[in-house]
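Side chains are part of it too, since the values below use all heavy atoms of this structure and drop only hydrogens, waters and symmetry mates. Note that this is a predicted model, so its numbers are computed, not measured.
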Amino acid sequence: HPDVTKEEIIAMRKGAKPLPPCCITLGYRAVSTLQNADETKEWLEKTGYKSIRIVTSNYHMHRAMLEMSHALPGIEIIRHPILQPDITPEDEYFWQVIVLEYHKTLFRLLGMMLEKI
């Protein structure tokens, strides 16, 4: 999200050890998961890192991993899904998000298959 700062992320840490500011990088150009994968690829090419940690909502992790794995062959990707306690199956919004993610994933898989033709 464009309003998220490194300081906010560090402040949210609840563990015994603080998060090191040196190891958190935020990108602000991407507005889609596909663009995020492309931005991450560019960043990795500049930095030379061979592994990354993906932090995103649990319901979005599958599609995020699909895009990242496609854009970043040979890069180790560590999943860090975040459970959002305010989005539960009892809420209508949960089902809207889940159905939307499902269809976006199917659409993207189709797009990836068509790229190979």
Side-chain angles (χ1 to χ4, degrees):
H1 191 277
D3 295 335
V4 174
T5 67
K6 189 183 293 191
E7 293 75 22
E8 287 175 316
I9 292 172
I10 292 169
M12 291 172 61
R13 172 76 173 163
K14 304 249 188 284
K17 293 182 184 179
L19 290 172
C22 68
C23 304
I24 299 170
T25 302
L26 301 175
Y28 294 101
R29 279 196 347 249
V31 294
S32 71
T33 307
L34 176 59
Q35 290 174 349
N36 197 348
D38 290 338
E39 185 176 357
T40 301
K41 181 178 181 178
E42 290 174 19
W43 176 79
L44 286 170
E45 289 169 351
K46 291 176 190 172
T47 63
Y49 290 122
K50 300 295 179 204
S51 68
I52 58 172
R53 179 175 299 270
I54 301 293
V55 180
T56 191
S57 59
N58 60 336
Y59 61 80
H60 179 60
M61 184 58 74
H62 181 76
R63 190 162 56 91
M65 287 297 297
L66 176 70
E67 291 292 3
M68 292 293 176
S69 298
H70 182 71
L72 309 171
I75 298 294
E76 178 188 12
I77 304 172
I78 301 163
R79 299 170 188 233
H80 194 116
I82 303 298
L83 178 62
Q84 292 188 245
D86 59 330
I87 301 177
T88 65
E90 291 80 29
D91 301 314
E92 181 181 332
Y93 180 71
F94 169 86
W95 295 104
Q96 292 171 350
V97 168
I98 294 300
V99 168
L100 184 61
E101 280 294 316
Y102 175 76
H103 285 94
K104 285 181 175 181
T105 300
L106 288 180
F107 183 74
R108 187 61 183 125
L109 282 169
L110 177 62
M112 287 177 177
M113 289 172 32
L114 292 175
E115 285 175 10
K116 295 179 182 181
I117 296 177

- Distance in Å, Thr25 OG1 paired with Ile52 CD1, rounded so as to fall on 0.5 Å steps: 11.0 Å
- Do Phe94 and Tyr59 come within less than 4.5 Å of each other through their side chains, counting heavy atoms only? no
- Are any non-hydrogen side-chain atoms of Leu26 and Ile9 less than 4.5 angstrom apart? yes
- Query: Are any of the side-chain heavy atoms of Lys116 and Met112 separated by less than 4.5 Å?
  - Reply: no
- Quick check: does any side chain N or O of Tyr28 sit under 3.5 Å from a backbone N or O of Val4, one acting as donor and the other as acceptor? yes
- Query: Hey, what do you get for CD (Gln35) to CD (Glu67), rounding to the nearest 0.5 Å?
  - Reply: 10.5 Å
- Message: Can you tell me if Tyr93 has over 12 outside heavy atoms packed within less than 6.0 Å of its OH?
- Response: no
- Query: Is there a path of hydrophobic side-chain contacts, each under 4.5 Å between heavy atoms of I, L, V, M, F, W or Y residues, that connects Ile75 with Met65?
  - Reply: yes
- Thr33 meets the side-chain hydrogen bond (donor to acceptor under 3.5 Å, both in side chains) criterion, sequence neighbours left out, with His60, Arg63
- Side chains of His103 and Val99: closer than 4.5 Å at any heavy-atom pair? yes
- When rounded to the nearest 0.5 Å, the distance separating CD of Glu7 from CD1 of Ile24 is 9.0 Å
- Step through the shown structure and confirm whether more than 12 heavy atoms of other residues, nucleotides or ligands are within 6.0 Å of CD on Glu92. no
- Walk me through it: do Thr56 and Met61 pass the test side chain to side chain contact (heavy atoms under 4.5 Å, CB included)? CA-CA 6 Å; Thr56 191; Met61 184 58 74; 3.6 Å; yes
- Message: For the CG atom of Leu106 and the CZ atom of Arg108, what is their distance to the nearest 0.5 Å?
- Response: 13.0 Å
- Answer yes if Leu100 and Tyr102 sit in the same cluster of Ile, Leu, Val, Met, Phe, Trp and Tyr residues linked by side chain heavy atoms under 4.5 Å apart, and no otherwise. no
- Message: What's the separation between atom CD1 in Ile117 and atom CG in Leu114, rounded to the nearest 0.5 Å?
- Response: 5.0 Å
- Item | Distance in Å, Ile54 CD1 paired with Met68 CE, rounded so as to fall on 0.5 Å steps | 4.0 Å
- Taking C-beta and beyond as the side chain, do Leu72 and Lys41 meet within less than 4.5 Å on heavy atoms? yes
- Message: When you compare the side chain of Gln96 with that of Asp91, does any pair of heavy atoms fall below 4.5 Å?
- Response: no
